[in-house]
Amino acid sequence: MGKLCELIELSSKVQGQLFTALNLTATQGGTYGGIETLKGRLLPWLGNTFLASGANVSQDTSLSLMKESIDKDREMSELKSKHDEDVLRLEVELNATMGELKDTHTQLNDSQAELTKTKTETGGDMLASEEEICILRADLRIARDDAARYRRQLNVIGDFEREIDRLRSEVNILRSEKEIEQDCLIRVRSRSPSPIRRRSPSPIRLRSPSPIRLRSPSPLRRSFSPTRADLTNSIRHSRLVARFNDLYAVDRLDMQDRLRRYVDDDEMVKRIIFISVCESFHVAKMAYRSFRLRARKFLSPIHRGPISLEDTVSDYIVRNLDLYDVEKSVDDVIRSMNVNPKISFPPECEFALLSPFIREVCRVAYEMQALEPSLDIPLATDGELMSEVKYRRSYDSEFTAPLVAFHVWPALMEDNSVLIKGECTTRRGARSRSRSLSPRRRLY
């Protein structure tokens, strides 16, 4: 019965496949495709109630169909087992790959954490390096400023040495000329008659020119024995004028750069520098007058010789310029600037920041007073009428404005004549301050 049931199942399967093939063939054959075959073979077989002669379906055909079915089942089982093996193998490989992926992910997280830590440390090092770079740049700028200042001082020292060598040669020449002229003067005196003998003859001889006038303490005697102040006056004059120009072109700009770190107003910076220069000249002149009075008082009891007392005092001052107490003058200048109503300074800083600049200006101003004639700066007030003779306008001035808003640099005067022009800023609407100043205080 089992065999028979299997045969029935096989036959039903074969019939189902046959009907499917017939349906497909009829559908693809068109409207009348295969109709003759159905009429000639299928309909008679259906009319016999699915019965056919034994000659049509043999036993070998049935066995071959069974064998084919068994072979297909075996192939299906082999394919299934192979598929199961492949799936197991793929699952093993997938698990191994997932483990490697987890390890890689863990390593990636560790690397990212190390990278973040390194980045943080590097950022801190970069900030520290930037701060060090800023500090080094500031030190380098200060070192350059110091080197430039030392270079200028070396140049000045070189000029002093050259001037000293030249003065020594000139002094040697003048000494030799003085000895020669003294010898000539001695010979002239030995040959000329005495004044008593010249008064005894007639009055007509009194009108004749007498060689005794060569001994009179007139400028002729000074030409024979000039003082050190007379010999070095022109050289000191040229050096001080050049130094005044350097103060304007170099030292003033350096001081402006230094003040701009603390004062934002550029006009206030220029006012501070100008007032410091004017106060330095005023204090230096007062110190020179005081020292000259002391020198005259000291030399008057012991003064002897053909040279006048004033010339002796001037020569003493020129020989002792190093006795000038410049630090006291710097303190006086800073004290005057602290009470000046025109300028102001931040509370965290002081005007002592300008001490090096004030010291140089005081020395130049003091030595200018020892010249003959002396050099000085003119009186300057805000709101005064612009003088083309004394000043030139700054680059930010209103060139059509007639009044001075503020001064940048004073002019240099010699015997009421302008030797070097100053600089000022002119603007429309500039006028003098209404605040009255003390008569004891100079206005610059």
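These figures come from a predicted structure and were not determined experimentally.
Aromatic ring orientation, W409 versus Y248: tilted (interplanar angle from 30° to 60°). Taking the six-membered ring for Trp and thresholds of 30 and 60 degrees, Y324 and Y366 have nearly parallel ring planes, at less than 30 degrees apart.
Among residues two or more places apart in sequence or in another chain, the side chain to side chain contact (heavy atoms under 4.5 Å, CB included) test is passed with D71 by K67, R74. The side chain to side chain donor-acceptor pair (under 3.5 Å) test applied to S234 returns no partner, not counting sequence neighbours. In this structure, the salt bridge (charged side-chain N to carboxylate O under 4.0 Å, His left out) partners of R292, at least two apart in sequence or on a different chain, are E310. Taking the salt bridge (charged side-chain N to carboxylate O under 4.0 Å, His left out) definition, one finds that K13 meets it with nothing, sequence neighbours left out.
Sorted by first then second residue, the salt bridge (Lys or Arg N to Asp or Glu O under 4.0 Å) pairs that include residues 250-260, not counting sequence neighbours, are R152-D254, R243-D251, D257-R260, R260-D266. The stretch residues 132-146 participates, sequence neighbours left out, in these salt bridge (Lys or Arg N to Asp or Glu O under 4.0 Å) pairs: D146-R149.
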task: Apply the test side-chain hydrogen bond (donor to acceptor under 3.5 Å, both in side chains) to residues D415 and S417: give CA-CA distance (whole Å), side-chain angles for both, the deciding distance (0.1 Å), then the verdict.
output: CA-CA 5 Å; D415 282 344; S417 61; over 6 Å; no

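Among all heavy-atom pairs drawn from A295 and V313, the shortest one is CB-CG1, 4.0 Å.
For the pair K390 and E384, the salt-bridge criterion is not met [side-chain N within less than 4.0 Å of a carboxylate O]. With respect to R89 and E93, a salt bridge is recorded, a charged nitrogen being found less than 4.0 Å from a carboxylate O.
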